[in-house]
Amino acid sequence: MRLIISEKANAAKKIAQFLAEDSVRDGKHRSVPHHTFTWKGEECVSVGLKGHVLNPEYPEEYSNWQKVEPSSLIDAEILKSVSEKGVAEAIRALSKKADSVVIATDFDREGELIGVEALSLSFEANPALMDHVERARFSALTKGEVTRAFEELVEVSRELAAAGEARQDIDLIWGATLTRWVSRATKRYGSAFLSVGRVQSPTLVLISERERERRAFNPEPYWEIEANLRNGEAFGARHAAGRFKDEAVARTAYENMTDVATVTEVKEKSATRPAPTPFNTTGFLTAAANIGISPSRAARLAEDLYTDGYISYPRTDNTVYPKSLDMREVLGQLKRVEGVGEYVDGLLAKGELTPTRGKKETTDHPPIYPTGHVSKNALRDDQWKIYQLVVRRFLATLSEPAKTLRTTVRLESGGEPLVSGGTVVTHEGWLGVYHYGRRADEEMPKLEEGQPVRVEEKEFLAKETQPPSRYGQGRLLRVMEDLGLGTKATRPSIIQNLYDRGYVHDDPVVPTETGMAVARALKDFASEIATHEMTAELERSMDEISEGKTSKDAVVDESRDVLRKVYEHLQSSETEFADIVWDGIREDSILGPCKKCGKNLTIRKAKKSGKRFAGCEGYPDCDQTYSLPPRGEIIPLGTLCDACGSPEIKVVSFGRRPWITCIDMSCPKQQERRQAIAEARAAKEKEAAAKAAEDGDAEGGDGASKKTRAKTTRKKPAAKAAAKPKGAAAKEPVKSTT
DNA sequence: GCAAGGTC
């Protein structure tokens, strides 16, 4: 029997289907499925792994963080433990019955390594297989590619696998050594440890540097003049000079303006907005981030939709649909998707369907597209959002470009030049189905040169330049990709990791003081791990290993040498390093001033119970304390409650919407909040009961009830709502902005 | 209780 090992269950199934000369018999070893068939007269069994089946780790005797000197991890032996027990058992059992093995994992570095991992299990169970190994290299999971690959079997590339192993070892050696050193130097033990890694640390530095720039930013004042004009309809305009740097000049211009303006020029310009390109992973995750779903959650949701057969494989770099993809067949499926049926009919009625193409073309997987129909009722809210996003994007890529018309109007009032304008969509095209982030039309009244219009109101606005904006999670994902940090599959979890470690919070991403301190200390004392250059260098070395120009051992040993130097430098700067981080940690624990004595209230741990509470730095002179929520991350907001005057915090705990509260449980506002929660819960239960009783008419009733629920539970923090007055103008139907 | 990389 010939054993065929691929990277995932789905691939194993497809390979069997493509190669089978007879029917495919599905079987299972425990819970691991395999597929038996005949190829070239020989019995074959195709089985899928679950990605990596082995994980590098240190021997048992290194497991105690306190007793083991972190530097000993630099040269310690690295073992490989089985991380997927069930799969490993299945491989061993099937190997015993096999006469030969074909490795059919993904055609890339990690794929080669995964294949070699599987082989080590195979040989362990059946050493005779060692001389009967072949490799199938296909770059697309299509019948043509797979059969070709099996006709032209090659050898496993030990060099390519070794390159992957070098990455594994280096990541573990650096990550474990420095994580332990930093945690020990700052006395952060247990779940409070501070992590360091080749990808996460440069990412944290990126976020922190941006925050530093923001803090160092010197806002410069400038002045703007806006006016509300009317010619039958009202419309907005602003002074053509834009930003005035000199207040006096601006003031003079403002005073010059009279209550009438004359149109000096009307220009119209049409533009084409091309339809968006097909989704690859990064494109998909950033689009999801733009509708408020974090990359890690979007990746999870997409994975579920993929396993259920509703969308294609969600980890791909490709932005060009393969020729083999039958667009009409997919459209036929999508006809029944709620809300897009008519649009699909419109597309089907067109003669030829020409999809857009992105810049990146690979053949490993197609871009992400919907593979099946699913009804809204069958999915949870967030799943439906993601499914819709994929469906609408797919439809958009088959649609015509949109056309817009931009009207620019120049005017003059009291010798001062004004400008106004607006853009409207003249041909919807893809905008008719992919409405994410679409702007409302800005209609301009009909105006002609020389025409007088009334200046109803003029405004003199004092403003300030703004610091560079923080990274949104989507933006961060893009920047990481540009710098070569992480992979399409790991970036979401790396970002999530920074949240889980308490290095960052919120979206756009804000570093905590602890996060900023760790980033700065690493940059100052271990700069090698703090920039993306380490990854770039590693990539170069891995290429050399895979080309046979150097060996894995040489590369890893050289990396060890560098780490030893870094470690020495860290050791000699231990107190400085710890002081920087402690300052950050302390800053994060400050909640605000104590009502009793004015000193700082900080987050502390009770000696006996280990429970956290808010205590005054003036203790023992001041005995003011407050109890704090037992679970979740506490983020001091630096604001005081307007009802009781105690500091306000944000609490972020797993599986719950973050909430903002003051720390005084007896505050009248808190009582109110608790009552509101109780009421909302009661209403929800009542609603659920009503729904259960009703049980029909799911669509209308469902949507409506969700809306009301969102309204009752989501209370906007006052501080945040006030911070962003932008976009207020957009609410006025005819006002335009330029 | 370490990293990052696959896949569920």
Side-chain angles (χ1 to χ4, degrees), chain A residues 6-12 31-33 48-59 62-68 70 72-74 76 78 80 83-87 105-118 161 163-184 187-204 281 299-308 313-316 364-365 480 484-498 500-502 529 534-535 538-539 542 559 563:
Chain A
S6 48
E7 196 156 319
K8 41 191 169 275
N10 223 328
S31 64
V32 181
L49 306 168
K50 282 183 183 167
H52 283 288
V53 286
L54 301 182
N55 191 42
E57 61 177 34
Y58 287 112
Y62 291 92
S63 60
N64 191 317
W65 287 38
Q66 332 250 18
K67 287 181 186 154
V68 175
S72 63
L73 296 176
I74 299 175
I78 292 176
K80 299 234 182 166
S83 53
E84 294 291 339
K85 257 192 152 185
V87 177
T105 47
D106 291 358
F107 178 25
D108 54 29
R109 193 168 54 220
E110 295 295 330
E112 206 74 11
L113 176 54
I114 289 167
V116 167
E117 288 169 9
E165 273 193 298
R167 182 208 52 77
Q168 276 191 332
D169 288 3
I170 288 171
D171 280 341
L172 178 63
I173 295 169
W174 281 73
T177 306
L178 294 181
T179 294
R180 286 198 199 179
W181 186 88
V182 170
S183 297
R184 194 185 66 171
K187 300 189 167 58
R188 299 270 288 192
Y189 292 115
S191 59
F193 75 94
L194 297 173
S195 59
V196 179
R198 174 179 56 85
V199 180
Q200 60 168 278
S201 297
T203 307
L204 179 60
T281 303
R300 175 78 257 169
L301 291 167
E303 181 70 32
D304 291 343
L305 290 170
Y306 159 68
T307 357
D308 289 340
Y313 191 66
R315 284 177 289 279
T316 173
D364 49 353
H365 299 283
M480 288 175 75
L485 291 171
T487 72
K488 55 187 178 293
T490 59
R491 284 189 281 264
S493 59
I494 299 265
I495 294 174
Q496 188 56 43
N497 212 358
L498 297 177
D500 295 344
R501 291 285 141 74
I529 195 81
M534 178 168 174
T535 296
L538 181 60
E539 286 290 341
M542 285 193 293
S559 183
L563 179 55

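Predicted, not measured: the structure shown is a model, and the values here were computed from it.
Of all the heavy atoms in A:S183 and A:F193, the pair that sits closest is OG-CB, 3.4 Å. Pairing each heavy atom of A:Q200 with each of A:S195, the nearest pair is OE1-OG, 2.7 Å. Closest heavy-atom contact between A:V116 and A:A161: CG2-CB, 3.5 Å.
Using a 4.0 Å heavy-atom criterion, one finds that A:S63 contacts the bases of the nucleic acid, with or without backbone contacts as well. Counting any heavy atom pair closer than 4.0 Å across all strands shown, A:R184 reaches no nucleic acid atom. Contacts of A:G48 with the nucleic acid, taken as non-hydrogen atoms under 4.0 Å apart, are absent. Contacts of A:K50 with the nucleic acid, taken as non-hydrogen atoms under 4.0 Å apart, include base atoms. If you check every strand for non-hydrogen atoms under 4.0 Å, A:S191 touches nothing. Across all strands, A:E7 comes closer than 4.0 Å only to sugar-phosphate atoms, never to a base (heavy-atom distances). Heavy atoms of A:A192 sit nowhere under 4.0 angstrom from any nucleic acid atom. Nucleic acid contact class of A:P56 (heavy atoms, under 4.0 Å, all strands): base. A:Y313 comes within contact range of the sugar-phosphate backbone alone, with a heavy-atom separation under 4.0 Å but no base atom that close. Among the heavy atoms of the strands lying under 4.0 Å from A:V196 are primed sugar atoms or P, OP1, OP2 only; no base atom is included.
With a heavy-atom cut-off of 4.0 Å to chain A, the contacted part of DNA chain B has its first and last nucleotide at B:dG1 to B:dC8.
Around atom NZ of A:K80, more than 12 heavy atoms belonging to other residues, nucleotides or ligands sit under 6.0 Å away.
Along DNA chain B, the nucleotide nearest A:D171 and the nucleotide nearest A:D106 are compared for position; the residue whose nucleotide lies closer to the 5' end is A:D171. Mapping A:R180 and A:H52 onto DNA chain B by nearest heavy atom places A:R180 closer to the 5' end of the strand.
For A:R180, there are no side chain to side chain donor-acceptor pair (under 3.5 Å) partners two or more places apart in sequence or in a different chain. With sequence neighbours excluded, the residues that form a side chain to side chain donor-acceptor pair (under 3.5 Å) with A:R300 are A:D304.
If you check the side chains of A:Y306 and A:N10, you find a donor sitting under 3.5 Å from an acceptor.
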